[in-house]
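In what follows, a structure is listed as structure tokens, so that the remarks can point back to it.
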Amino acid sequence: VGNLIGAMNAAAHETLVFNDSDMRVGPDYLKSVVSSFLPQGVGLVTCLYRNIRIGTFAAALQSLAVQTGFLPSVLMARKVEGLSYAFGATICTSRKILEEAGGLEALTDYLADDYQMGYRIRQKGYEIALCPYLVDHVCGAPTFREAFLHQLRWAITQRVCRPVGYFASIVTHGTFLALVFLLWQRFSPAAWGLFLLVCAIRILGAAAVNLFVLRNREIDRYLWLLPLGDLLATLLWGLSFLTDTV
């Protein structure tokens with residue numbers, strides 16, 4: 001945030017676009033984002049993202065978490081209650097609106113500064129718009145430990161920012177719940193059938209969304225890892241309640 005304050009002091013124009021440094025976009029990006037910011041009442045525009053340059057097994061699991069967990073949850077929240085937060089992949093707003101919401105200085109003590117920027121602008125009565133442009137996030141090649149701690153930090157941050165919704169999200173952990181049923185039924189044929197059906201639905205659903213919406217060719221080869229990724233997500237969900245430290 002300190003770096004952003006310095007950049008703000010040097011910015012020459014009223015409309016501002018912030019991005020995390022590991023995002024990649026095409027030549028039509030700014031036109032698409034700023035067009036979404038033009039309608040009356042919109043105070044901030046943000047974008048979802050997909051992972052590219054997946055270099056390791058750990059990066060593949062992290063990418064699956066983003067594409068099959070994070071993105072659907074955001075779209076569901078948008079449908080049910082509207083967006084009240086933003087993502088570092090893209091934040092487009094104006095200098096006037098940002099200052100009205102307290103400016104960047106109000107965000108210096110927050111880890112989730114992107115969330116807070118969107119939340120504070122929403123609290124001022126403005127709409128948070130989701131631009132249809134999908135930003136590419138360079139995933140790289142993290143070790144399993146690095147990826148695990150990164151996702152744990154995400155989980156803790158989500159729990160702190162949205163505690164009720166995050167706690168209730170356990171009902172969406174279908175693979176884990178099917179596994180619990182499998183163990184409870186002592187590996188009965190019916191329980192095995194349910195477990196395999198849930199895994200198949202998850203993989204086929206993710207494949208369909210990727211084919212028709214996300215079009216991320218890199219992730220296709222890792223879809224078979226999705227049940228393992230789902231169980232890892234449940235583990236991270238549980239661990240996030242044990243600490244407030246990242």
Side-chain angles (χ1 to χ4, degrees), residues 32-33 36 39 41-51 61-92 112 114-123 126-137 150-180 197-216 219 223 225-241:
S32 180
V33 170
S36 298
V42 173
L44 182 147
V45 174
T46 193
C47 290
L48 296 177
Y49 57 92
R50 60 189 171 192
N51 286 356
L61 289 175
Q62 182 169 302
S63 301
L64 287 170
V66 169
Q67 191 156 311
T68 68
F70 170 70
L71 268 64
S73 69
V74 171
L75 294 175
M76 178 61 74
R78 178 187 180 220
K79 185 74 172 178
V80 172
E81 59 183 0
L83 285 183
S84 59
Y85 44 88
F87 314 111
T90 292
I91 294 175
C92 175
D114 50 357
Y115 175 94
Q116 285 292 329
M117 194 185 300
Y119 177 76
R120 288 165 182 262
I121 288 175
R122 183 70 182 88
Q123 292 298 102
Y126 293 101
E127 179 188 348
I128 306 297
L130 187 63
C131 178
Y133 194 101
L134 202 61
V135 178
D136 288 332
H137 169 239
H150 191 189
Q151 291 183 73
L152 181 59
R153 191 196 79 186
W154 282 350
I156 295 169
T157 304
Q158 290 177 58
R159 176 183 62 78
V160 171
C161 290
R162 296 173 60 81
V164 176
Y166 186 74
F167 177 78
S169 70
I170 188 62
V171 301
T172 68
H173 292 225
T175 305
F176 168 72
L177 296 175
L179 178 61
V180 170
L197 178 63
V198 169
C199 292
I201 289 173
R202 286 286 289 145
I203 293 172
L204 291 173
V209 171
N210 192 46
L211 176 63
F212 295 110
V213 181
L214 300 177
R215 298 183 177 90
N216 185 354
I219 206 70
L223 288 176
L225 289 171
L226 187 51
L228 177 61
D230 285 348
L231 296 177
L232 178 62
T234 303
L235 174 62
L236 290 163
W237 179 89
L239 292 175
S240 71
F241 291 94

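No experiment lies behind these values; they were computed from the predicted model shown. Quick note: numbers below take in every heavy atom, side chains included, and nothing from hydrogens, waters or symmetry partners.
Rounded to the nearest 0.5 Å, atoms CG (N216) and NE2 (H137) are 12.5 Å apart. Separation of atoms CG (L44) and CD1 (I121) is listed at 4.5 Å; rounding is to 0.5 Å. To the nearest 0.5 Å, atom OH of residue Y119 and atom OG of residue S84 are 7.5 Å apart. Separating the CG atom in L64 from the CD1 atom in I219 is a distance of 4.0 Å, to the nearest 0.5 Å. Distance CG/L179 to SG/C199: 8.5 Å, rounded to 0.5 Å. Once rounded to the nearest 0.5 Å, the distance linking OH of Y115 with CZ of F87 reads 10.0 Å.
Scanning all heavy atoms of the two residues, the minimum distance from A129 to S36 falls at CB-O, 4.2 Å. The two residues R159 and S240 make their nearest non-hydrogen contact at NE-O, 2.6 Å. Between T157 and R153, the shortest heavy-atom contact is OG1-O, 2.7 Å. Smallest separation of non-hydrogen atoms from L231 and F176: CD2-CA, 3.8 Å. Between L236 and A155, the closest heavy-atom pair is O-CB, 4.0 Å.
Applying the salt bridge (Lys or Arg N to Asp or Glu O under 4.0 Å) rule to D136 yields the partners R50; only residues at least two apart in sequence or on another chain are considered. Partners of R162 according to the salt bridge (Lys or Arg N to Asp or Glu O under 4.0 Å) rule, which considers only residues two or more places apart in sequence or in another chain, are E81.
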Exercise for the section: Check step by step if side-chain contact (heavy atoms from CB on, under 4.5 Å) holds for C47 and V33. Expected result: CA-CA 8 Å; C47 290; V33 170; 4.1 Å; yes
Exercise for the section: Run the numbers on V80 and M76 for side-chain contact (heavy atoms from CB on, under 4.5 Å), then give the verdict. Expected result: CA-CA 6 Å; V80 172; M76 178 61 74; 3.9 Å; yes
Problem - Working for side-chain contact (heavy atoms from CB on, under 4.5 Å), residues V135 and Y133 - result: CA-CA 6 Å; V135 178; Y133 194 101; 4.2 Å; yes
Practice task
Would you sort out whether I128 and V45 count as a side-chain contact (heavy atoms from CB on, under 4.5 Å), showing the intermediate values?
Solution key: CA-CA 6 Å; I128 306 297; V45 174; over 6 Å; no
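Proximity of P227 to I203: side-chain heavy atoms (C-beta onward) are separated by under 4.5 Å at one or more points. Counting heavy atoms from C-beta outward, T175 and R202 have side chains that approach closer than 4.5 Å.
Under a 3.5 Å cut-off, the side chain of D230 and the backbone N or O of G174 do not form any donor-acceptor pair. In this structure, the side chain of W237 engages the main chain of Y166 through a donor-acceptor pair within 3.5 Å. Although no hydrogens or angles enter the test, the distance criterion places a donor-acceptor pair under 3.5 Å between the side chain of T46 and the main chain of T90. Under a 3.5 Å cut-off, the side chain of R78 and the backbone N or O of L83 do not form any donor-acceptor pair.
By the 6.0 Å and 45° rule, R122 does not stack over the aromatic ring of Y85.
Heavy atoms of other residues, nucleotides or ligands lying less than 6.0 angstrom from CZ of F167 number 12 at most.
For the pairing with Q67, the side chain to side chain contact (heavy atoms under 4.5 Å, CB included) check across L48, V213, L223, L214 returns one residue only, L214.
Taking the six-membered ring where the residue is Trp, the centroids of Y49 and F70 are separated by under 6.0 Å.
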